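The chain is numbered in sequence order, starting from 1. Keep in mind the model is a prediction, meaning the values are calculated, not measured.
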Amino acid sequence: MNFLRGVMGGQSAGPQHTEAETIQKLCDRVASSTLLDDRRNAVRALKSLSKKYRLEVGIQAMEHLIHVLQTDRSDSEIIGYALDTLYNIISNDEEEEVDENSTRQSEDLGSQFTEIFIKQQENVTLLLSLLEEFDFHVRWPGVKLLTSLLKQLGPQVQQIILVSPMGVSRLMDLLADSREVIRNDGVLLLQALTRSNGAIQKIVAFENAFERLLDIITEEGNSDGGIVVEDCLILLQNLLKNNNSNQNFFKEGSYIQRMKPWFEVGDENSGWSAQKVTNLHLMLQLVRVLVSPTNPPGATSSCQKAMFQCGLLQQLCTILMATGVPADILTETINTVSEVIRGCQVNQDYFASVNAPSNPPRPAIVVLLMSMVNERQPFVLRCAVLYCFQCFLYKNQKGQGEIVSTLLPSTIDATGNSVSAGQLLCGGLFSTDSLSNWCAAVALAHALQENATQKEQLLRVQLATSISNPPVSLLQQCTNILSQGDKIDRRGSKIQTRIGLLMLLCTWLSNCPIAVTHFLHNSSNVPFLTGQIAENLGEEEQLVQGLCALLLGISIYFNDNSLENYMKEKLKQLIEKRIGKENFIEKLGFISKHELYSRASQKPQPNFPSSEYMIFDHEFTKLVKELEGVITKAIYKSSEEDKKEEEVKKTLEQHDNIVTHYKNVIREQDVQLEELKQQISTLKCQNEQLQTAVTQQASQIQQHKDQYNLLKVQLGKDNQHQGSHSDGAQMNGIQPEEMGRLREEIEELKSNQELLQSQLAEKDSLIENLKSSQTSPGTNEATASTRDSEQIAELKQELATLTSQLISQSVEITKLQTEKQELLQKTEAFAKSVPVPGESETVIAAKTTDVEGRLAALLQETKELKNEIKALSEERTAIKEQLDSSNSTIAILQNERNKLEVDITDSKKEQDDLLVLLADQDQKILSLKNKLKELGHPIEEEDELESVDQDDEDEEDDDDGKDQDHI
């Protein structure tokens with residue numbers, strides 16, 4: 001501490017000698033006093049002196065205060081005083097700096113005391129353990145002290161907390177504190193803790209910080225909330241910015257969906273307070289953190305899709321098209337929508353369908369472009385609209401085609417009732433405002449980016465410059481304006497228009513030989529470019545020269561030699577004669593060496609401090625980086641090398657065609673393979689289902705077999721029991737002798753039937769013989785014939801009688817067989833029952849019906865009982881859940897009641913202590929006054945010790961007032 005003594009000695013206005021002695025005495029009391037009350041009063045006095053005499057108290061009392069924290073943890077009051085004193089020593093917040101030197105000296109003092117405190121890592125660990133105390137007078141000063149330590153020496157304190165066991169977890173408990181002042185200061189503490197430390201950010205995120213912070217924001221009223229919402233949003237940004245792990249955790253935890261209510265701003269007349277604007281600004285920035293172009297593409301894409309699915313993008317577009325939104329919020333909303341749709345086809349398609357609430361409705365893109373080409377709009381808003389248009393067209397060939405199509409003759413609205421995006425871009429391209437020229441040229445270049453089809457389509461665009469002159473192509477008009485240079489009076493930068501047009505032409509001609517041919521077809525273009533490059537102009541014109549060299553190099557590199565006068569070799573000879581190859585390459589290098597080129601290449605958003613810095617576009621810097629080297633090689637190549645290169649290109653094209661053919665074949669085979677795989681999977685599923693059905697049927701068959709065997713065994717046992725129980729008993733009411741008699745009757749009837757059938761057969765043969773004898777020739781007498789006729793009639797009558805007897809016997813036999821089958825079935829069905837002798841068949845049938853009815857009734861009753869049991873079980877479960885919920889509610893209420901009782905007890909104790917202390921002070925003051933009166937001194941000023949106590953009480957009152965204001 002020698003350096004602190006040196007600082008103390010060097011101060012121009014030190015404390016009075018009596019104050020230094022007082023501090024020394026108080027430190028001695030803290031170190032040597034055995035009574036806790038004395039030590040507490042001494043620490044309280046040091047607290048009151050620590051603000052005014054920060055250096056002296058820090059030098060003499062810091063060690064003693066740390067010792068108090070270690071030894072007197074049982075007394076929350078002295079711990080609170082010690083923490084407050086340390087906070088006053090270390091913190092710079094409450095210093096009243098007069099000038100810059102005193103500010104710097106105060107900051108140095110705070111960092112030096114912080115370094116002394118954290119030199120022993122145990123001090124920070126001790127402070128973390130004190131934060132576990134629930135007492136307000138311990139926890140709140142501890143939070144403020146640790147926050148001040150982090151502000152002074154953040155990285156060192158972060159490292160100590162990181163290696164401390166459960167250090168971060170203890171601090172996370174502050175967010176769950178029911179006292180808002182501690183919770184809010186806990187948010188500030190976590191802000192300082194998570195700043196620029198990825199490891200701590202991950203730990204805090206996985207300690208459920210997102211859930212707690214979002215809950216706080218919702219409780220405070222989202223964007224309508226106060227400064228607490230602002231603090232929570234800053235903490236969320238610390239956790240998510242440049243931290244891919246936390247961003248992925250935030251998305252997978254479905255927290256993006258909870259951001260949608262933030263942007264439900266409500267009625268436009270509800271007002272926009274300064275705090276609401278700040279909150280909404282931070283919320284928009286938080287959305288941009290999740291979809292920033294610097295994030296990994298996969299993470300950005302998944303967040304963009306989630307924002308569309310949950311309706312967040314739709315809510316942002318609502319704000320975008322709303323009226324009465326402040327300008328800075330509108331600008332940030334445009335930038336946010338830009339990055340949400342950038343490179344995501346689904347979001348870009350949705351944005352293309354958004355209409356402004358006008359009459360008639362206009363697409364949002366058209367409304368935004370009207371703002372971009374309007375020079376009366378704020379510069380930052382025009383930059384934001386340009387960025388939105390660029391993001392809409394980024395990797396969006398469909399959108400590029402729609403923009404270019406609005407310029408083609410077949411799609412232009414002849415009535416002129418509506419303005420299209422293409423017309424606005426052309427209007428901005430040829431206006432007298434240089435910034436509008438640049439923005440429109442860059443926007444149109446993005447419509448052609450990496451899209452050869454649209455570059456060729458744009459060649460069809462014709463412009464009517466005046467009534468008397470014929471229409472000219474858009475390409476020709478661009479080169480005409482470029483050649484006019486500074487002849488046209490424009491507002492803004494002199495070179496901005498030409499740079500914008502040159503960037504558009506370079507983008508248009510690159511990778512498009514047809515556009516190069518159209519450009520070279522105008523005989524004045526090449527002489528203009530060579531003249532611009534060959535001149536020795538000032539620094540401002542060097543960029544124009546570099547871009548002209550790039551455009552000429554593109555005309556050489558992408559030249560298909562279709563124009564005889566402007567073949568590659570002739571253009572290179574022209575450069576060598578008029579410019580010189582070395583000079584040409586030097587001028588080409590002016591572009592990449594420029595400071596504004598480096599700034600534009602860093603990030604896609606066009607973020608410029610003023611319009612003078614708006615020179616290069618981010619995508620154009622990529623094009624320059626890609627073409628600069630190949631153009632340099634093309635300039636130095638000979639004609640033979642060009643021929644060889646052409647041959648190689650043709651060979652490569654053939655190879656590419658072959659590869660493309662095989663790719664298509666492979667693609668078709670892949671499709672067929674996928675179809676076959678789907679069929680195989682379908683058949684597999686069907687096979688599995690059939691196997692499952694077979695298995696189920698086999699199990700059912702086995703169950704039936706088991707049941708059959710069981711019934712068979714039971715039937716055998718019942719038969720044995722029936723035989724032993726009643727010898728000679730009936731079988732279903734039929735005696736065995738009666739069964740035998742019935743069988744004998746059946747046999748006798750069968751034999752009679754056979755006898756009758758044999759007699760019938762004899763009679764049939766006799767009839768046949770008689771018939772044959774009638775047909776034989778002979779001379780029979782009349783009497784013989786009559787006798788034969790009578791005999792035949794008798795035989796027929798006898799035959800009819802026998803036939804009727806046979807039919808009746810057959811019916812009787814059939815009836816007996818049916819009865820026999822019924823008796824056998826009844827015997828099997830009721831074998832389990834013991835029949836009573838002498839019962840008839842009617843009684844048995846009645847019993848059977850009665851048993852079946854009783855069985856059905858029992859089954860129905862069983863089913864009803866099962867249903868009742870199920871209903872009672874469900875009711876019991878519901879009652880149990882209600883009981884558990886009631887018990888948990890009772891426990892929570894009991895816990896809160898206990899906490900309130902503890903708080904009341906502490907407050908009463910503190911109040912009693914204050915009353916006792918005041919009484920003692922009054923008594924001392926009275927006795928001192930009496931002594932002074934006795935000595936004859938006039939009583940005008942208070943005693944020194946009373947002033948110290950009075951300062952202490954005043955500062956405590958001030959602290960309490962601030963606490964109440966903060967709460």
Do the side chains of [Y] and [X] get nearer than 4.5 Å, heavy atoms only?
X    : Y    : result
I680 : K684 : yes
L175 : L190 : yes
H618 : K603 : no
L425 : L407 : no
F210 : L239 : yes
V354 : M321 : yes
S245 : F206 : yes
V289 : S292 : no

Please confirm whether the backbone N or O of [Y] pairs with a side-chain atom of [X], one donor and one acceptor, at under 3.5 Å?
X    : Y    : value
S302 : A299 : yes
Q304 : R342 : yes
H446 : L393 : no
K455 : S510 : yes
Q457 : V404 : no
S681 : K677 : yes
K705 : Q700 : no
Q247 : L240 : yes

Just verifying a value: how many Å separate [X] [atom1] and [Y] [atom2], rounded to the nearest 0.5 Å?
X    : Y    : atom1 : atom2 : answer
T194 : N238 : OG1   : CG    : 4.0 Å
L213 : L235 : CG    : CG    : 5.0 Å
R667 : T660 : CZ    : OG1   : 8.5 Å
L320 : C388 : CG    : SG    : 6.5 Å
L214 : L233 : CG    : CG    : 9.0 Å
L448 : T453 : CG    : OG1   : 11.0 Å

Residues in salt bridge (Lys or Arg N to Asp or Glu O under 4.0 Å) with K622, at least two apart?
E619
Salt bridge (Lys or Arg N to Asp or Glu O under 4.0 Å) filter on E211, not counting sequence neighbours, yields R258
For the residue pair [Y] / [X], report whether a side-chain donor-acceptor contact shorter than 3.5 Å exists.
X    : Y    : answer
E339 : Y387 : yes
Q605 : R288 : yes
E450 : N511 : no
Q201 : N243 : yes

Just to verify, what does [X] make a side-chain hydrogen bond (donor to acceptor under 3.5 Å, both in side chains) with, not counting sequence neighbours?
X    : result
N687 : none
D349 : Q345
N347 : none
S169 : E207

Quick check: are there more than 12 heavy atoms from other residues, nucleotides or ligands sitting under 6.0 Å from NZ of K202?
no
Does CG in L459 sit with more than 12 non-hydrogen atoms of other residues, nucleotides or ligands closer than 6.0 Å?
yes
Can you give me the closest heavy-atom contact between [X] and [Y], atom names plus distance?
X    : Y    : answer
F249 : A205 : CE2-O, 3.4 Å
S223 : L280 : CB-CD1, 4.1 Å
I341 : Q348 : O-CG, 3.1 Å
N396 : G399 : OD1-N, 3.0 Å
A384 : S338 : O-OG, 4.2 Å
A421 : I403 : CB-CD1, 3.9 Å

side-chain hydrogen bond (donor to acceptor under 3.5 Å, both in side chains) between N222 and E264, intermediate numbers included:
CA-CA 9 Å; N222 294 327; E264 295 174 356; over 6 Å; no
I'd like to know whether Q285 forms a side-chain hydrogen bond (donor to acceptor under 3.5 Å, both in side chains) with E332, so could you lay out the CA-CA distance, the side-chain angles of the two residues, the decisive distance to 0.1 Å, and finally the verdict.
CA-CA 8 Å; Q285 288 180 347; E332 190 64 23; 4.7 Å; no
May I have the step-by-step check of side chain to side chain contact (heavy atoms under 4.5 Å, CB included) for W262 and I217, ending in yes or no?
CA-CA 9 Å; W262 294 356; I217 292 173; 3.7 Å; yes
Dump the intermediate steps for side chain to side chain contact (heavy atoms under 4.5 Å, CB included) on F558 and L627, then the final yes or no.
CA-CA 11 Å; F558 294 104; L627 295 178; 3.9 Å; yes
Going through the checks in order, is the side chain to side chain contact (heavy atoms under 4.5 Å, CB included) test met by K633 and Y557?
CA-CA 9 Å; K633 291 179 182 178; Y557 184 72; over 6 Å; no
Going through the distances and angles, do L312 and Q257 end up as a side chain to side chain contact (heavy atoms under 4.5 Å, CB included)?
CA-CA 8 Å; L312 179 58; Q257 288 81 341; over 6 Å; no
Look at the rings of F250 and Y255 and say which category their plane angle falls in: under 30° parallel, 30 to 60° tilted, over 60° perpendicular.
tilted
